[in-house]
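Remarks on the structure that follows.
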Amino acid sequence: EEPAPADQPDDQLYWQTQDWQEAGQAKQIGNQVTLLHKSDQGYRLGLALLLPDWQQVADLLPLSRALNRQGFDTLIMLPNPTQLTLDPNDEKDQLAIQAFKERWQLRLTSLQENSGGESGYQLMIAAGSSAAWLCNLLSSESIAPPDALVLIDAFYPAADANEILAHDVATAPYPVLDLYREQQVSWLDRAASERRLAVNRNDKLDWRQVAIRTSAEREEQLTGWLRYLGWK
């Protein structure tokens with residue numbers, strides 16, 4: 001059995017709560033374990049880097065498989081429980097927050113630089129609290145920006161964090177597809193509304209927000225959006 005990645009706070013917690021066993025080909029990149037799925041086509045359209053929320057890896061697996069069918073290699077970065085206990089924009093706990101940001105930056109940069117080739121597009125897909133941490137790093141230019149970003153039920157369980165996430169999305173220099181499940185959890189609706197208002201204020205044109213009912217709708221929405229971008 002592989003050792004837990006170095007940035008996991010408790011290796012027993014890491015292995016006992018994983019929800020991705022037999023979900024893909026485990027690949028060691030640097031000091032972290034990721035899940036790799038190769039393109040089903042005879043070509044590589046690009047790389048999709050998926051960042052699930054804590055204990056929600058399985059939720060993004062259908063989208064990963066769908067992207068394989070469209071010609072993408074996909075890498076899933078395993079989440080960390082700390083991303084739900086530290087607010088990336090909190091003025092308190094700055095030492096812990098900065099240390100966690102630096103670990104995430106190193107992990108993401110390692111995946112970007114060691115993804116098996118630089119050809120094709122780079123797509124990032126971030127779900128839940130991972131969206132807040134990712135957009136924070138992207139807005140500060142701490143990591144290389146993707147060619148496009150997809151948000152899945154993006155939120156952070158703190159009002160100020162959702163406001164800053166909305167600003168980061170609204171000022172992003174790349175296209176954004178914003179998918180969220182409507183009228184299921186009130187905080188998802190509120191976070192989505194914050195992003196919608198921020199985007200309207202900033203006149204960001206390459207942003208599309210779609211309210212969906214079930215996760216099964218994600219593939220259709222993503223496929224249509226990639227066609228709109230001219231990637232397919």
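The model shown is predicted, which means the values in this text are computed figures rather than measured ones.
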Next item on the list: List the atom of Lys101, the atom of Trp133, and the distance in Å for their closest heavy-atom pair.
Entry: CG-CZ3, 3.7 Å
Checklist line | Lys38-Asn68 side chain donor-acceptor pair, cut-off 3.5 Å | finding: no
Notebook entry, point to check: Any donor-acceptor pair under 3.5 Å linking the side chain of Ser139 with the backbone of Cys135?
Noted result: yes
Next item on the list: Calculate, to the nearest 0.5 Å, the distance between atoms CG and OG belonging to Leu108 and Ser110 respectively.
Entry: 9.5 Å
Notebook entry, point to check: For Ala144, does its backbone N or O pair with a side-chain atom of Gln112 as donor and acceptor, under 3.5 Å?
Noted result: yes
Check: About how many Å separate CD of Glu102 and CZ of Arg107, when rounded to the nearest 0.5 Å?
Finding: 14.5 Å
Note to self: With a 6.0 Å cut-off (strictly less than), is the heavy-atom count around CD of Gln41, excluding the residue itself, greater than 12?
What the structure shows: yes
Notebook entry, point to check: Do the side chains of Tyr174 and Leu138 get nearer than 4.5 Å, heavy atoms only?
Noted result: yes
Item checked: In one Ile/Leu/Val/Met/Phe/Trp/Tyr side-chain cluster, 4.5 Å: Leu106, Ile76 -> no
Notebook entry, point to check: Between Ala126 and Ala131, what is the shortest heavy-atom contact and its length?
Noted result: CB-CA, 3.7 Å
Margin query: Tell me whether Glu219 is salt-bridged to Arg69, with the criterion being a basic N under 4.0 Å from an acidic carboxylate O.
Written below: yes
Check: Any luck finding a side-chain donor-acceptor pair between Asp59 and Ser215 under 3.5 Å?
Finding: no
Note to self: Tell me whether the rings of Tyr121 and Trp231 are parallel (<30°), tilted (30 to 60°) or perpendicular (>60°).
What the structure shows: parallel
Next item on the list: Starting at CG of Asp189, measure out to CZ of Phe155 and round the result to the nearest 0.5 Å.
Entry: 13.0 Å
Checklist line | Short side-chain donor-acceptor distance under 3.5 Å, Ser39 and Asp73 | finding: no
Note to self: Check for me, please, whether Leu67 and Tyr228 land in the same ILVMFWY cluster - side-chain distances under 4.5 Å, paths through other members count.
What the structure shows: yes
Next item on the list: Measure the CD-CG distance between Gln56 and Leu51 for me, rounded to the nearest 0.5 Å.
Entry: 14.0 Å
Notebook entry, point to check: What distance do Phe72 atom CZ and Ile125 atom CD1 have between them, rounded to the nearest 0.5 Å?
Noted result: 8.0 Å
Margin query: Can you tell me if Glu141 has over 12 outside heavy atoms packed within less than 6.0 Å of its CD?
Written below: no
Item checked: Heavy-atom side-chain contact between Asn200 and Arg196 under 4.5 Å -> yes
Notebook entry, point to check: Among Leu134, Leu179, Val176, which one satisfies side chain to side chain contact (heavy atoms under 4.5 Å, CB included) with Leu151?
Noted result: Val176
Note to self: So which atom in Ser64 and which in His37 form the shortest heavy-atom distance, rounded to 0.1 Å?
What the structure shows: OG-ND1, 2.9 Å
Notebook entry, point to check: What's the spacing between Leu47 CG and Thr74 OG1 if we round to 0.5 Å?
Noted result: 8.0 Å
Margin query: Minimum heavy-atom separation for Tyr180 and Leu188, please, with both atom names.
Written below: CD1-O, 4.2 Å
Item checked: For Phe100 against Leu86, the heavy-atom pair lying closest together -> CB-CD1, 4.2 Å
Next item on the list: Indicate, with yes or no, if Ile164 and Val199 share a hydrophobic cluster defined by side-chain heavy-atom contacts under 4.5 Å among Ile, Leu, Val, Met, Phe, Trp and Tyr.
Entry: no
Next item on the list: Decide, yes or no, whether a salt bridge links Asp178 with Arg195 under the criterion of side-chain N to carboxylate O below 4.0 Å.
Entry: yes
Checklist line | Intermediate values then yes/no, side-chain hydrogen bond (donor to acceptor under 3.5 Å, both in side chains), Ser129 and Asp53 | finding: CA-CA 6 Å; Ser129 61; Asp53 207 355; 2.5 Å; yes
Margin query: Just so I know, are the side chains of Thr171 and Lys204 near enough to count as touching, which here means a heavy-atom distance under 4.5 Å?
Written below: no
Notebook entry, point to check: For the residue pair Tyr156 and Asp87, what are the closest heavy atoms and their distance?
Noted result: OH-N, 3.3 Å
Note to self: Salt bridge check, Asp153 against Arg218: does any charged N sit closer than 4.0 Å to a carboxylate O?
What the structure shows: yes
Margin query: With a 3.5 Å distance limit and no angle check, can you tell me whether Gln105 reaches the backbone of Ser142 through a side-chain donor-acceptor pair?
Written below: yes
